[in-house]
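Right, one structure below, let's go through it.
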Amino acid sequence: MTGAEAADGGPRRFVPPLRAAVDRAAFDHPLFAGIAGIAGFGDLLTAADWPRVVDLDARLALPGKRFVEQDAALLADGLHYETRIAEGRIATRAGNWHDLFNALVWARYLPIKCALNAQQCRHIEGRAAGQRNRAQAALTQFDETGVVVRVRDPALLAAWDAHQWRVLFEPIHWQSGRIAIAAVFGHALMEQALLPGRLLVGKCVVLQGDDDAGCIDTVARAIEEGRVLLDPLELRPLPLAGIPGWHTDQAPAFYANDDYFRPLREGRRYPPPLL
């Protein structure tokens, strides 16, 4: 499985917490709203014991896909991780937060996951082993750290274009729905969010729209048709701790931290939002 770049932009090693060490209240954070609210599956996150992969597969019951335990016998087939998924098997490590979140994202956002897999396989075909192009990097970054954002106000989009973070994160904009998170998609983001105080950066696909479900469907179609995620530079960074209510300390001094709220690089441009 390909790994994600560090969600906070740095190369530092991430050690996920033990299951018993995670405060179950952590899953009340808005970042987990999409998966924690999947009907009937909340215990997969909060129960004392890890679900077995075979039980996880039975519970989630994805059409045409199975979660299978990643072990030496499975990997002996020599297939690429994405190719194996296209054939119906999602390699899943037992007792692993990263792969549990991945499984829940598959259950919650199946059309986007299928579209990403189809595009990855298209790029893998005909390339030498180990070779990757920029589209594959973009697809992987979104898979691991992706966020779907919808924006109604062109002025807010312009502020985001310019990395005017104080304008973008004014609470009234988020309270009024001028800008909103339609989906936190990246399972690596979820894993890293288990560490309290972690300052995470989402890599965003942006849409002009009002409806979360419609925006999510549009993203799936755009990926399937090859209209987005052709280059990592398409993805807009969003410092998630800046969203009102997403971090404990949002005093004015917090937004002055330009190691996290980074200024716009010279020459950096973002694509227009999907409609």
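Here CG of L207 is found 9.5 Å from CD1 of I216. Values are rounded to the nearest 0.5 Å. Taking CZ of R132 as the reference point, atom CD1 of I124 lies at 8.0 Å (rounded to 0.5 Å). The distance from the CD atom of Q208 to the SG atom of C215 is 10.0 Å, given to the nearest 0.5 Å. Atom NE2 of H247 and atom CG of L240 lie 11.5 Å apart (nearest 0.5 Å). Distance check, rounded to the nearest 0.5 Å: CE of M190 to NE2 of H98 gives 10.5 Å. One distance of note links CG of L189 with CG of L200; it measures 5.5 Å at 0.5 Å rounding.
If you chain together hydrophobic residues whose side chains sit under 4.5 Å apart, V54 and L56 never meet in one group. Both W97 and F41 are members of a single hydrophobic cluster when ILVMFWY side chains are connected at heavy-atom separations under 4.5 Å. If you chain together hydrophobic residues whose side chains sit under 4.5 Å apart, L230 and L235 never meet in one group. Both F67 and L110 belong to a single network of hydrophobic side chains, linked directly or stepwise wherever heavy atoms of I, L, V, M, F, W or Y lie under 4.5 Å apart. Hydrophobic clustering (side-chain heavy atoms under 4.5 Å, transitive across Ile, Leu, Val, Met, Phe, Trp, Tyr) keeps L168 apart from Y270.
The main-chain N or O of F142 is never found under 3.5 Å from a side-chain atom of T145 such that the two would form a donor-acceptor pair. Side-chain atoms of H29 come within 3.5 Å of backbone atoms of W246 as a donor-acceptor pair (strictly under, hydrogens ignored). No donor-acceptor distance shorter than 3.5 angstrom exists from the side chain of Y109 to the backbone of A183, with no hydrogens or angles considered. No donor-acceptor pair closer than 3.5 Å links the side chain of E234 to the backbone N or O of P271. A side-chain donor-acceptor contact under 3.5 Å links Q250 to the backbone of I243. Remark: the backbone N or O of R93 is paired with a side-chain donor or acceptor of D99 at under 3.5 angstrom. Within the 3.5 Å criterion, the main-chain N or O of I35 finds no donor-acceptor partner in the side chain of R108. Remark: side-chain polar atoms of E144 are not paired, donor with acceptor, to backbone N or O of H187 under 3.5 angstrom.
The side-chain heavy atoms of I112 and V105, taken from C-beta on, include no pair separated by under 4.5 Å. The closest side-chain heavy-atom distance from L44 to I38 is not below 4.5 Å. Side-chain contact check for F101 versus N96: every heavy-atom pair is 4.5 Å or farther apart. Contact annotation: the side chain of I223 approaches that of L139 to within less than 4.5 Å [non-hydrogen atoms, C-beta and beyond]. A heavy-atom distance below 4.5 Å is found between the side chains of P273 and L157. Contact check for R152 versus D210: side-chain heavy atoms found under the 4.5 Å cut-off. A heavy-atom distance below 4.5 Å is not found between the side chains of I179 and D153.
Nearest heavy-atom pair, V22 versus P17, reported as atom, atom and distance to 0.1 Å: CG2-CG, 3.7 Å. In plain terms, the two heavy atoms of I181 and V184 that are nearest each other are CG2-CG2, 3.9 Å. Of all non-hydrogen atoms in L233 and R268, the two that sit nearest each other are O-NH1, 2.7 Å. Of all heavy-atom pairs spanning L100 and R19, the tightest one is CD2-NH1, 3.8 Å. Heavy atoms only, all atoms of each residue included: A115 and A220 are closest at CB-O, 3.6 Å. Here the shortest heavy-atom pairing between A91 and Y81 reads O-CE1, 3.7 Å.
Heavy atoms of other residues, nucleotides or ligands lying less than 6.0 angstrom from CG of D43 number more than 12.
W165 and H163 have tilted rings, their planes meeting at an angle from 30° to 60° on a 0 to 90° scale. F254 and F261 have perpendicular rings, their planes meeting at more than 60° on a 0 to 90° scale where under 30° would count as parallel. Aromatic ring orientation, F169 versus W174: parallel (interplanar angle below 30°, classes split at 30° and 60°).
A salt bridge links R134 with D231: the distance from a Lys NZ or Arg NE/NH1/NH2 to an Asp or Glu carboxylate oxygen falls below 4.0 Å. Ion pairing between K65 and D57 fails under the 4.0 Å rule for side-chain N and carboxylate O.
At a cut-off of 3.5 Å, with distance as the only test, no side-chain donor of E125 or H80 sits close to an acceptor on the other residue.
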Item checked: Stepwise side-chain contact (heavy atoms from CB on, under 4.5 Å) test for L45 and L104 -> CA-CA 10 Å; L45 294 172; L104 290 170; 3.6 Å; yes

Margin query: Run D161 and R236 through salt bridge (Lys or Arg N to Asp or Glu O under 4.0 Å) and show every step you take.
Written below: CA-CA 9 Å; D161 284 341; R236 290 170 179 259; 2.7 Å; yes

Next item on the list: Take R89 and L79 through the side-chain contact (heavy atoms from CB on, under 4.5 Å) test and state the conclusion after the steps.
Entry: CA-CA 11 Å; R89 295 174 297 159; L79 292 177; 3.7 Å; yes

Next item on the list: Determine, stepwise, if the pair K113 / I85 fulfils side-chain contact (heavy atoms from CB on, under 4.5 Å).
Entry: CA-CA 10 Å; K113 276 290 197 180; I85 290 176; over 6 Å; no

Next item on the list: Let me see the working for L116 and F185 under side-chain contact (heavy atoms from CB on, under 4.5 Å), right down to the final yes or no.
Entry: CA-CA 12 Å; L116 288 171; F185 183 82; 3.5 Å; yes

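With I90 as reference, L62 is the one residue of V68, L62, V53 to meet the side-chain contact (heavy atoms from CB on, under 4.5 Å) rule.
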